[in-house]
Amino acid sequence: MIDNSYETSRQRMVEEQLVARGIHDRLTLEAMLKVPRHLFIDDALRTRAYGDYPLPIAAGQTISQPYIVALMTQALGLTGDERVLEIGTGSGYQAAVLSRMCQRVYTVERVNQLLASARKVFDKLCYYNIVAKFDDGTMGWRQEAPYDAIIITAGGPEIPPPLVDQLVDGGRLIIPVGGQELQELQLITKTTEGIVIDRLEKVRFVDLIGKHGWAN
Ligand code: SAH
């Protein structure tokens with residue numbers, strides 16, 4: 001059985017942290033109203049699950065602040081029938097939000113422990129349209145490409161070229177790019193003439209580690 005006692009906290013999160021700050025995409029707001037964020041974090045932190053901040057998860061990683069999840073999700077402009085690639089499964093929360101707004105989510109994680117616990121939650125919540133694998137996500141997931149949208153939830157020094165290759169024409173990719181202390185969210189649109197970059201907010205993410213990321 002799924003615990004509904006956090007519904008009020010979720011409603012407040014959506015109104016006070018998302019709508020109040022200009023998140024307007026209906027699918028994003030509906031998904032975040034529904035996904036039980038508290039099930040993606042450690043029991044000891046559950047009372048803080050809907051707070052306006054990131055929280056620690058295992059392996060020294062973090063689950064992003066709800067507002068940043070919403071901002072990145074909204075930027076992808078999903079309508080319901082897309083195939084979306086996520087790099088950095090972490091807790092699985094972002095993938096769960098996406099899974100309610102598109103056809104299928106492909107998510108890649110480089111820490112086995114995180115992958116295993118995220119998969120358990122996906123099963124528990126019956127999010128059967130999420131497929132997750134262990135790999136260096138900076139190389140993408142070539143067998144399942146191309147993707148309509150790609151979201152990278154760790155900060156890297158550059159936009160990994162394999163990810164742009166694996167995006168459809170007209171597709172969108174969002175990634176925090178910059179140094180290890182501070183990055184900016186870049187929204188990339190792939191066109192037949194090349195890529196267009198929109199710069200959104202300054203953010204602080206954990207490291208994207210891999211061939212086209214930071215060294216381990
Ligand atoms: N989307 C996650 C955020 C997790 S933090 C959530 O909703 O909880 C970022 C995650 O990216 C970490 O789990 C980290 O291990 C992972 N990561 C970093 N570099 C990666 C890479 N090259 N490939 C796959 N995952 C990576």
Side-chain angles (χ1 to χ4, degrees), residues 13 18 28 31-32 34-42 45-46 48-51 53-76 84-102 105-122 125 127 130-142 144-145 147 149-164 166 173-180 183 185 203-216:
M13 171 191 84
L18 310 187
T28 303
M32 291 185 68
K34 289 275 160 58
V35 176
R37 181 172 162 98
H38 60 283
L39 298 184
F40 292 86
I41 59 177
D42 198 82
L45 296 173
R46 284 213 171 148
R48 303 174 65 202
Y50 297 95
Y53 32 70
L55 286 170
I57 55 175
Q61 306 301 315
T62 52
I63 174 172
S64 300
Q65 180 191 9
Y67 171 68
I68 296 296
V69 173
L71 186 70
M72 292 177 80
T73 306
Q74 170 171 275
L76 296 176
V84 181
L85 175 67
E86 178 195 30
I87 309 308
T89 315
S91 67
Y93 177 70
Q94 173 75 70
V97 169
L98 291 167
S99 81
R100 301 191 68 103
M101 317 171 46
C102 70
V105 180
Y106 299 85
T107 181
V108 184
E109 173 57 57
R110 65 176 292 278
V111 176
N112 246 323
Q113 180 192 4
L114 291 169
L115 187 66
S117 59
R119 277 183 174 144
K120 271 192 202 149
V121 189
F122 298 152
L125 296 172
Y127 289 143
I130 304 175
V131 280
K133 80 159 175 174
F134 174 82
D135 211 340
D136 170 10
T138 67
M139 301 299 289
W141 187 333
R142 197 166 291 282
E144 302 291 347
Y147 304 96
I150 301 181
I151 178 168
I152 297 101
T153 62
E158 59 163 358
I159 302 164
L163 296 181
V164 178
Q166 292 173 34
L173 176 153
I174 191 155
I175 179 172
V177 183
Q180 282 168 297
Q183 307 91 33
L185 273 182
V203 286
R204 192 173 176 173
F205 273 75
V206 295
D207 288 350
L208 179 69
I209 296 169
K211 180 145 192 268
H212 298 280
W214 301 103
N216 198 347

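Order of appearance sets the numbers: ligands from 1, and atoms from 1 within every ligand.
By the 6.0 Å and 45° rule, Arg110 does not stack over the aromatic ring of Phe134.
At least one donor-acceptor pair closer than 3.5 Å links the side chain of Ser91 to the backbone N or O of Tyr93. Of the possible donor and acceptor atoms, none in the side chain of Arg37 sits under 3.5 Å from a partner among the backbone N and O of Tyr50. In this structure, Trp214 contributes its side chain and Gly155 its backbone to a donor-acceptor pair below 3.5 Å. Within the 3.5 Å criterion, the main-chain N or O of Ala145 finds no donor-acceptor partner in the side chain of Gln166.
Atom OG1 of Thr73 is separated from atom CD of Gln94 by 4.0 Å, given to the nearest 0.5 angstrom.
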Tabulating one pair per line, provide the atom names and distances (0.1 Å) for every N/O atom of ligand 1 that is less than 3.5 Å from a protein N/O atom.
residue: ligand 1; atom: 1 (N); partner: Glu86; partner atom: OE2; Å: 2.9
residue: ligand 1; atom: 1 (N); partner: Gly88; partner atom: O; Å: 2.9
residue: ligand 1; atom: 1 (N); partner: Thr153; partner atom: OG1; Å: 3.0
residue: ligand 1; atom: 7 (O); partner: Gln94; partner atom: N; Å: 3.1
residue: ligand 1; atom: 8 (O); partner: Ser91; partner atom: N; Å: 3.0
residue: ligand 1; atom: 8 (O); partner: Ser91; partner atom: OG; Å: 2.6
residue: ligand 1; atom: 13 (O); partner: Glu109; partner atom: OE1; Å: 2.8
residue: ligand 1; atom: 13 (O); partner: Glu109; partner atom: OE2; Å: 3.3
residue: ligand 1; atom: 15 (O); partner: Glu109; partner atom: OE2; Å: 2.6
residue: ligand 1; atom: 19 (N); partner: Ile209; partner atom: N; Å: 3.0
residue: ligand 1; atom: 22 (N); partner: Asp136; partner atom: OD1; Å: 2.9
residue: ligand 1; atom: 22 (N); partner: Ile209; partner atom: O; Å: 2.6
residue: ligand 1; atom: 23 (N); partner: Gly137; partner atom: N; Å: 2.8
residue: ligand 1; atom: 25 (N); partner: Arg110; partner atom: N; Å: 3.4

